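The analysis underlying the following values was restricted to heavy atoms, covering all of them including side chains, and did not include hydrogens, waters or symmetry mates. The structure presented is a predicted model; accordingly, all values stated were derived computationally and were not measured.
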Amino acid sequence: MSFPLLTATAVLPAIGAIATAAVPAAQRTAAKWLALLVSLGTLALAITVLVRFDPGGDRYQLTESHSWIADFGVRYELGVDGIAVALIALTALLIPFIILAGWHDADPLETGSKRWRPTQGFFALILAVEAMVIISFEATDVFLFYIFFEAMLIPMYFLIGGFGDRAHEHGEQVASTQRSYAAVKFLLYNLVGGLIMLAAVIGLYVVAGNFSLQEIAEARANGTLDMATSTERWLFLGFFFAFAVKAPLWPLHTWLPNAMGEATAPVAVLITAVVDKVGTFAMLRFCLQLFPEASKWATPAILVLALISIVYGALLAVGQRDMKRLIAYASISHFGFIIMGIFAMTSQGQSGATLYMVNHGISTAALMLVAGFLISRRGSRLIADYGGVQKVAPVLAGTFLIGGLATLSLPGLAPFVSEFLVLVGTFTRYPVIGIIATFGIVLAALYVLVLYQRTMTGPVKPEVSAMPDLRVRELVVVAPLVALLLFLGVYPKPLTDIVNPAVQQTMSDVQKKDPQPEVEAAK
């Protein structure tokens, strides 16, 4: 048998999570280093997957298939296409930076505090989330995907509720209450979505007789599995609802600002740059492939919801006083662009949406982690508590600016390519939607530049006058992310070469072709 590379990529962080949790309580530093080494090992395996993947080969590669629950047709089936490979690489890349950025976030609180932050548990939970996200990207059995799609909620619940941000204007007691509220809200929203999806998964089994994505899709394509129109639409809605909660899409988004605001900055990155990508990825892999006709039927409504997310998220970001909640609402706007690109049903739109998933992960990680470093120095998330930071910490201010400019999709930085493709792909089929969506770009420039102006420029406030610049560990976190933003901004071809064949196959699933440009006949 060939080496089960996909299994190893998911199992290594799972084993690392168990080992990290088992480190003796007094050996906190050893637990941190173990978690970091495991994450680097997972990154090495993800790079191996990336290298071994052939964009011109079969749709699903490095496949594994074993009988699991034979009586119910459940199999342990894994396989990756270009979209999954790109997102696995993103996940494995970000986790080491998340661990480094959160190096001291779970250390014991001050002497005499009644609360103890179990360091080992914090890093073990991060590795557990990584394992579950990676196997969700790899699973080609619908039931297997569902198990890990839901299971990742458990470690995320404890990361949000048990390891919240220490910078809170109303004190520890209020902060603890708000963390608990944010964690419960996150869990309930996603559990409701998951339960509705479970009903749809069962319905799919009743109709198809198995859970294999590839077998069901092939049967749909060759006509051996004929779903009634109403059945397909109900099943699609069951799957889409769960993915829209995870993504999140307006009006199912309200858990995200609470969760990101109350979590530590590294955990906030884990939420929006890693976990939420499972929702948009699953729209491409499951909604469009399993239910092509229903996907086309629902497209107009979904595009309207995506457009509302773009404008609504950006407008609320403009009015935020809390730095982390501003980034959360900006992410809601960006997820609107991703979903709009997916359901524009053009190759440019879907390629742009996939690139947006990757580039948004990198840009949000850069901005949120630098914001976290800033907040840890001042002890406040409120924008009004800052001013003149660029005069006392120029490197911190410079990296914060680059992260912000990437968030507003400045040309030359990676998100610009993604946003441009999404808008072009949408405009060619839905010009009105594409035109209105560009308003989100204007609002993005407003909230990012105002945020920078209020925190980094102007007179130096006394509270930030002694603020230190980025330390070596923090530079190790931020510098590679900035380099990636620049590299993919000027040369996205390595990523597009991997993604485009999978996008073309998805377009074939829904039997859509790109609109031909209208050219007036020469007179």
Side-chain angles (χ1 to χ4, degrees), residues 81 83-84 87 91 132-133 135-153 156 186-204 211 213 216-217 232-256 259 271-292 294-299 301-306 308-310 313 331-332 334-345 349-350 353-354 356-357 360-361 502 506 509-510:
D81 60 4
I83 299 169
L87 293 174
T91 301
M132 294 174 185
V133 169
I135 203 166
S136 297
F137 291 142
E138 297 173 343
T140 56
D141 181 279
V142 177
F143 191 79
L144 178 66
F145 169 83
Y146 173 78
I147 288 175
F148 290 99
F149 180 81
E150 287 293 279
M152 70 180 70
L153 301 180
M156 286 306 308
F186 162 82
L187 188 64
L188 289 178
Y189 267 67
N190 284 275
L191 276 178
V192 169
L195 289 173
I196 292 174
M197 180 182 170
L198 177 60
V201 169
I202 295 170
L204 181 65
F211 293 105
L213 171 67
I216 296 172
E232 180 178 350
R233 290 178 179 179
W234 280 113
L235 293 178
F236 167 86
L237 290 174
F239 276 76
F240 180 81
F241 183 86
F243 303 151
V245 172
K246 184 85 78 178
L249 178 68
W250 184 91
L252 306 172
H253 67 285
T254 59
W255 63 267
L256 184 66
I271 294 169
T272 190
V274 176
V275 172
D276 288 355
K277 297 301 188 298
V278 178
T280 47
F281 163 80
M283 291 178 188
L284 279 166
R285 170 166 280 192
F286 295 100
C287 287
L288 269 61
Q289 192 169 345
L290 292 176
F291 315 111
S295 297
K296 290 185 283 189
W297 162 76
T299 287
I302 294 172
L303 288 176
V304 171
L305 294 178
I308 294 173
S309 287
I310 292 170
S331 289
I332 291 169
H334 295 151
F335 274 104
F337 277 108
I338 293 171
I339 295 170
M340 186 176 74
I342 292 171
F343 284 91
M345 300 294 183
Q350 292 187 359
T354 306
Y356 217 135
M357 291 185 224
H360 170 264
T506 304
D509 291 334
V510 293

Between [Y] and [X], is there a side-chain heavy-atom distance shorter than 4.5 Å?
| X | Y | answer |
| --- | --- | --- |
| T354 | L87 | no |
| F239 | L204 | yes |
| I310 | W250 | no |
| K246 | L153 | yes |
| V133 | K277 | no |
| F241 | L249 | no |

Hey, does the side chain of [X] reach the backbone of [Y] with a donor-acceptor pair shorter than 3.5 angstrom?
| X | Y | answer |
| --- | --- | --- |
| S309 | I332 | no |
| R285 | F137 | yes |
| S331 | T272 | no |
| W255 | V245 | yes |

Nearest 0.5 Å, what's the [atom1]-[atom2] distance between [X] and [Y]?
| X | Y | atom1 | atom2 | answer |
| --- | --- | --- | --- | --- |
| I196 | L237 | CD1 | CG | 10.0 Å |
| F337 | H334 | CZ | NE2 | 7.0 Å |
| M156 | I271 | CE | CD1 | 4.0 Å |
| F343 | K296 | CZ | NZ | 13.0 Å |
| M152 | I147 | CE | CD1 | 12.0 Å |
| L256 | D276 | CG | CG | 5.5 Å |

Minimum-distance pair of heavy atoms, taken over all atoms of [X] and [Y]:
| X | Y | value |
| --- | --- | --- |
| F145 | S136 | CD1-O, 3.4 Å |
| A344 | L303 | N-CD2, 4.2 Å |
| L144 | A139 | CD2-CB, 3.9 Å |
| P251 | L305 | CD-CD2, 4.5 Å |
| C287 | S295 | O-OG, 3.0 Å |
| A242 | G193 | CB-O, 3.2 Å |

Query raised in the report: Quick one: ring pair (Phe, Tyr, Trp, His ring centres under 6.0 Å) partners of Y146, sequence neighbours excluded?
Result: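 By the ring pair (Phe, Tyr, Trp, His ring centres under 6.0 Å) rule, Y146 matches no residue at all.
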Query - Full working for side chain to side chain contact (heavy atoms under 4.5 Å, CB included) between L191 and E150 - result: CA-CA 7 Å; L191 276 178; E150 287 293 279; 3.8 Å; yes
Requested in this report: Just do the side chain to side chain contact (heavy atoms under 4.5 Å, CB included) check on M357 and L284 with the steps written out, would you?
Outcome: CA-CA 12 Å; M357 291 185 224; L284 279 166; 3.7 Å; yes
Report task. Step by step, work out the side chain to side chain contact (heavy atoms under 4.5 Å, CB included) result for L235 and E232. Result -> CA-CA 5 Å; L235 293 178; E232 180 178 350; 5.9 Å; no
Report task. Would you please indicate if the ring centroids of F243 and F149 are separated by under 6.0 Å? Result -> yes
Query raised in the report: Does the ring centre of F335 sit less than 6.0 Å away from the ring centre of H360?
Result: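 Under 6.0 Å, so yes.
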Query - Criterion side chain to side chain contact (heavy atoms under 4.5 Å, CB included) on M283 and I338, from CA distance to verdict - result: CA-CA 11 Å; M283 291 178 188; I338 293 171; over 6 Å; no
Query raised in the report: Do the ring planes of F211 and F143 sit parallel (below 30°), tilted (30 to 60°) or perpendicular (above 60°)?
Result: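 Tilted: the ring planes of F211 and F143 meet at 30° to 60°.
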Query raised in the report: Going by atom types alone, do T280 and Y356 pair a side-chain donor with an acceptor below 3.5 Å?
Result: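 Looking only at side-chain atoms, Y356 and T280 do not form any donor-acceptor pair under 3.5 Å.
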